[in-house]
Protein chains: 2
Amino acid sequence: MGSRPNIPDIVIGRLPIYLRALYRMIQEEKEYTSSQELGERLGISSAQIRKDLSHFGEFGKQGTGYNIKFLHEKIRQILQVDREWLIAVVGVGDLGHAIAHYRGFAPRGFHVAALFDSAPTKIGEQIGGLTVMPVSAMKDEIHRQKIQVAMLSVPAEHAQQVANELIGAGIRAILNYAPITLAVPPDVRVQYIDPVAHLQHMTYYLRS
Amino acid sequence: MGSRPNIPDIVIGRLPIYLRALYRMIQEEKEYTSSQELGERLGISSAQIRKDLSHFGEFGKQGTGYNIKFLHEKIRQILQVDREWLIAVVGVGDLGHAIAHYRGFAPRGFHVAALFDSAPTKIGEQIGGLTVMPVSAMKDEIHRQKIQVAMLSVPAEHAQQVANELIGAGIRAILNYAPITLAVPPDVRVQYIDPVAHLQHMTYYLRS
DNA sequence: AATTTTCAGTGAGAAAAATCACAAGGGAGA
DNA sequence: TCTCCCTTGTGATTTTTCTCACTGAAAATT
């Protein structure tokens, strides 16, 4: 896809939000939308949306707006979610279970392809059609299936160590559910999910 | 605690990150840290950390740095998590179950105090010491317990409607797990948890 | 056919956020 | 006490991000 230099990360981060809204519009069987309508739904200015999209091409038509399916597909291509990504889940406690059962990954480009845990009691357990494997088998299995993305749902104390092993096994993107900032080499991407951090962010504003 | 005007939201959003790191340091029985050390752990510049904290007061000492417990407590006060917040969870599918069982809320200031679902088969179910109640009982129960925060884990199609009911019941902060942007009045805070959006953000960069 | 409305894309400018770099305070050791 | 080393808090500056406002094109209306 040739040269795509220097697009701000904050712009990339908004594309999945646009995708999500477009997906809803497809379900609503809408055909066209405008930057203004999209912006109103998302609480984002229309100029912001137009400028974001302009980094990647010209997807709209003056007077008409954007064809929803077309724009949806274009953003999927940009984000590379017009294919399926395999995911390894490490740590199958309550959270890992919920992740393994979650039906929302598949329709948006992701497929949970392997489950790992270190607790001997959990090895062999069947979850959502997959068998929990020992962490010692992680590297081989990740290579065998060519898995590139991992979700980390182990306790905070073990997260860094497991992350190191994942990176050693070739993983280049980690979605970390443990409430700890990971140290990783610059070619590895990490994103964080910390519900408590979000809650704490909101309670700041709950002053009467 | 008087006037605290105009502090950028992006600064507020980093405070929970600092809190998380300080909490870890307390567990490691460290006593002092510096903006530089903290920054290295978090991948944030030391100047950024100092400037962020300077919005709220002077918490460090030249030559010494920050007393970890003291700074931790100060940030807890700023975020108002030096008390316990009660949370209502709406939607007890797999995700709602995982939330209800999650042990990570309590030590960081939050207590799941009520569970709601609309499916008659789920009403009455016991989860983590709580009984699932019907959505129709939501308003009364939220008032009775004076719950101010809610977590929304219902399907996307119902999220907006349930959010409306929550707001009608007096909820002022919503952590939304449904992959949809909610429309809410300006005095209601919403934060989003969408793992797939994070994954899609990362796959952008997975070009070889 | 002419006019009006709608809406994308974009350069210029404004606003916000991050970084720089330094003065000054505090501790440790000589 | 004096000197050296750390480290904070912060004004100044740079960088990044967002918004404004306009051009031009397409559609809708008269």
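The structure presented is a predicted model; accordingly, all values stated were derived computationally and were not measured.
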- prompt: How does protein contact run along nucleotides 25-30 of chain D, one letter per nucleotide 5' to 3', with B for base contact, S for sugar-phosphate only, - for none, heavy atoms under 4.0 Å?
  reply: BSS---

Interatomic distance where [atom1] belongs to [X] and [atom2] belongs to [N] [whole Å]:
| X | N | atom1 | atom2 | value |
| --- | --- | --- | --- | --- |
| B:Leu38 | D:dT7 | CG | P | 13 Å |
| A:Gln36 | D:dC20 | CD | P | 13 Å |
| B:His55 | C:dA16 | NE2 | P | 12 Å |
| B:Ile7 | C:dA17 | CD1 | P | 12 Å |
| B:Ile49 | D:dG9 | CD1 | P | 12 Å |
| A:Leu53 | C:dC7 | CG | P | 16 Å |
| B:Asn6 | C:dA15 | CG | C1' | 14 Å |
| A:Glu40 | C:dC7 | CD | P | 10 Å |

Short N/O separations, protein against nucleotides 16-19 of chain D, under 3.5 angstrom:
from: D:dC18; atom 1: OP1; to: A:Arg14; atom 2: NH1; distance (Å): 3.1
from: D:dC18; atom 1: OP2; to: A:Arg14; atom 2: NH1; distance (Å): 3.2
from: D:dC18; atom 1: OP2; to: A:Arg14; atom 2: NH2; distance (Å): 2.9
from: D:dC18; atom 1: OP2; to: A:Gln48; atom 2: NE2; distance (Å): 3.3
from: D:dT19; atom 1: OP2; to: A:Ser45; atom 2: OG; distance (Å): 3.1
from: D:dT19; atom 1: O4; to: A:Lys51; atom 2: NZ; distance (Å): 3.2

message: So, using side chain to side chain donor-acceptor pair (under 3.5 Å) as the criterion, who are the partners of B:Arg76 when residues are at least two apart?
response: B:Glu73

Okay, side chain of [X], backbone of [Y]: is any donor-acceptor separation there less than 3.5 Å?
| X | Y | value |
| --- | --- | --- |
| A:His72 | A:Ile68 | no |
| A:Gln148 | A:Leu86 | no |
| B:Asp117 | B:Val92 | yes |
| A:Trp85 | A:Gln80 | yes |

task: Would you mind classifying the nucleic acid contact of A:Ser46 as base, sugar-phosphate or nothing, using non-hydrogen atoms under 4.0 angstrom?
output: nothing

query: Does the pair A:Arg14/A:Asp9 count as a salt bridge with the N-to-O cut at 4.0 Å?
result: no

- prompt: Restricting to pairs with a member in residues 103-115 of chain A, which pass salt bridge (Lys or Arg N to Asp or Glu O under 4.0 Å), not counting sequence neighbours?
  reply: A:Arg108-B:Asp194

- prompt: Got a sec, which pairs hit salt bridge (Lys or Arg N to Asp or Glu O under 4.0 Å) with one end in residues 33-45 of chain A, sequence neighbours left out?
  reply: A:Glu28-A:Arg41, A:Lys30-A:Glu37

field: Aromatic ring pairing A:His97/A:His101, orientation class (parallel under 30°, perpendicular over 60°, tilted between)
entry: tilted

A:Arg50 or B:Phe59, whichever maps to the more 5' nucleotide of DNA chain D: B:Phe59

message: For a quick check under 3.5 Å, do B:Tyr205 and A:Asp187 share a side-chain donor-acceptor pair by atom type?
response: no

field: Selection: residues 15-33 of chain A, any non-hydrogen atom under 4.0 Å of DNA chain D
entry: none

query: Centre of A:Tyr192's six-membered ring, under 6.0 Å away, within 45 degrees of the axis: is that where NZ or CZ of B:Arg20 sits?
result: yes

